[in-house]
Amino acid sequence: DPKNNTSKNSLADNNGESKPLLLGPMSNNIPQTKREKLAAVWKAKSTRSHLLAYTVFSFCITCVDEALPLFLIANLGGLGLSAPQAGIVLATSGFITALLEKTAIIKVLMEQIGLYPTLRLSSWANVTMTLLPLSLPLNNHIIGGNGMMTRSSFAFVAILFGVPRVFGFLYFSLIGVATCRTVPSSHADDAGHFMTLFALAARSVAPTVAGSITTFLSGRPWAIWISIGMVIGTAAVASTYML
């Protein structure tokens, strides 16, 4: 039955978008060796696109994770907090993230707009960090290592980092599902191997890049966070919208 064959060879998300399941050489000749399986997975254009999006997003979110503590403790162009104070800010943002993860927002999004629209929405998580330098005027421009932070500045940083991070975690959950849908079930583990490898590579390079950006642009917080949040973050968004 042609209709049944079509349903077997494609998957549609809740938005009605059809995503190929068996691609390229995998559809007609399923390899037997591990090396051939990995090669077949890599040859699938849709799978490569998903792996690229996952890698760029991993790179971006790691840059944010590395640069934020530096901004909090920086005496030049930062909030000038002590390490314990910066830890309190990060812990508060983590509490906000954990609290929001317990809500039904993720389930509602998936039911209402579908897999790929939710994935695209989540890809904007890092772009919002471009607004982080606004914490300086909220802090009455008190910078330079005196350890003072206003309530409004504290709340702004904690929420700005905590709320988007929920969507960052959601992105990682959904991109794994989406990537596995581009290959036969027998190749899901192989796709997972590629995801692990690329994530490790991205997270190994990102700290060096984030450290270099914060060093060369020291004292210019807007330049730092436009580079990380706007430029790298937009690259993650663009690669996700191409799926």
Side-chain angles (χ1 to χ4, degrees), residues 53-97 100 120-172 199 202-241:
Y54 174 70
T55 303
V56 176
F57 191 87
S58 297
F59 177 81
C60 185
I61 203 169
T62 305
C63 284
V64 171
D65 288 342
E66 295 293 328
L68 178 60
L70 298 177
F71 172 79
L72 294 178
I73 65 176
N75 292 328
L76 181 62
L79 290 170
L81 304 179
S82 65
Q85 289 171 327
I88 292 174
V89 175
L90 296 175
T92 303
S93 67
F95 175 77
I96 294 173
T97 300
L100 290 176
R120 294 178 186 123
L121 175 64
S122 301
S123 69
W124 289 91
N126 297 309
V127 179
T128 58
M129 294 302 295
T130 306
L131 302 175
L132 186 61
L134 290 176
S135 60
L136 294 175
L138 288 174
N139 202 42
N140 297 326
H141 295 282
I142 300 174
I143 58 177
N146 54 20
M148 298 181 63
M149 193 175 189
T150 63
R151 292 180 180 179
S152 58
S153 182
F154 179 91
F156 178 77
V157 175
I159 293 173
L160 184 66
F161 186 61
V163 175
R165 192 47 46 110
V166 177
F167 291 94
F169 292 150
L170 176 60
Y171 185 96
F172 285 125
R203 291 167 185 172
S204 297
V205 176
T208 302
V209 174
S212 299
I213 292 174
T214 55
T215 299
F216 289 118
L217 299 178
S218 178
R220 291 178 283 176
W222 280 108
I224 292 173
W225 289 101
I226 287 175
S227 299
I228 295 176
M230 184 66 71
V231 177
I232 303 177
T234 302
V237 172
S239 62
T240 302
Y241 272 72

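Just so it is clear, the structure is predicted and the values come from calculations on it, not from any experiment. This chain uses plain numbering: 1 for the first residue, then up along the sequence.
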With sequence neighbours excluded, tell me which residues meet side-chain hydrogen bond (donor to acceptor under 3.5 Å, both in side chains) with S152. T150

Looking only at heavy atoms, which two atoms of [X] and [Y] are closest? And how far apart?
| X | Y | answer |
| --- | --- | --- |
| A53 | S239 | CA-OG, 3.4 Å |
| F59 | A202 | CD1-O, 3.7 Å |
| C63 | A210 | O-CB, 3.7 Å |
| I73 | S82 | CG2-O, 4.3 Å |
| L132 | F71 | CD2-CD2, 3.6 Å |

Residues at least two apart in sequence or cross-chain that pass ring pair (Phe, Tyr, Trp, His ring centres under 6.0 Å) with Y171, listed by chain then number, are F57

Could you give all pairs that pass the salt bridge (Lys or Arg N to Asp or Glu O under 4.0 Å) test and reach residues 129-138, with sequence neighbours left out? none

Sort and list the pairs that fulfil salt bridge (Lys or Arg N to Asp or Glu O under 4.0 Å) and have at least one residue in residues 227-240, not counting sequence neighbours. none

Partners meeting salt bridge (charged side-chain N to carboxylate O under 4.0 Å, His left out) with R165 (sequence neighbours left out): D65

For side chain to side chain contact (heavy atoms under 4.5 Å, CB included), just list the numbers for L134 and L160, CA-CA rounded to whole Å, side-chain angles, deciding distance to a tenth of an Å, and then say yes or no. CA-CA 11 Å; L134 290 176; L160 184 66; over 6 Å; no

Listed pairs under 3.5 Å, donor-acceptor, residues 215-235 side chains, sequence neighbours left out:
| from | atom 1 | to | atom 2 | distance (Å) |
| --- | --- | --- | --- | --- |
| T215 | OG1 | G211 | O | 2.7 |
| R220 | NH2 | F216 | O | 3.3 |
| S227 | OG | A223 | O | 2.7 |
| T234 | OG1 | M230 | O | 2.3 |

Residues at least two apart in sequence or cross-chain that pass side-chain contact (heavy atoms from CB on, under 4.5 Å) with T208, listed by chain then number, are S212

Excluding sequence neighbours, so at least two apart, what forms side-chain contact (heavy atoms from CB on, under 4.5 Å) with T62? E66, R203, A206, P207

Would you please test L79 and Q85 for side chain to side chain contact (heavy atoms under 4.5 Å, CB included) and show each step? CA-CA 10 Å; L79 290 170; Q85 289 171 327; over 6 Å; no

Mind checking the CG-CZ spacing from L138 to F154? Nearest 0.5 Å is all I need. 13.5 Å

Once you round to the nearest 0.5 Å, how far does CD1 of I61 lie from CZ of F167? 12.5 Å

Between F172 and S122, is a side chain to side chain contact (heavy atoms under 4.5 Å, CB included) present by the stated rule, with each step listed? CA-CA 9 Å; F172 285 125; S122 301; over 6 Å; no

Quick one: side chains of residues 88-97, donor-acceptor pairs under 3.5 Å with protein atoms, not counting sequence neighbours, listed by atom name and distance.
| from | atom 1 | to | atom 2 | distance (Å) |
| --- | --- | --- | --- | --- |
| T92 | OG1 | I88 | O | 2.8 |
| S93 | OG | L90 | O | 2.7 |
| T97 | OG1 | S93 | O | 3.0 |
| T97 | OG1 | G162 | O | 2.7 |

Quick one: does any side-chain atom of S135 pair with a main-chain N or O of S153 as donor and acceptor, under 3.5 Å? no

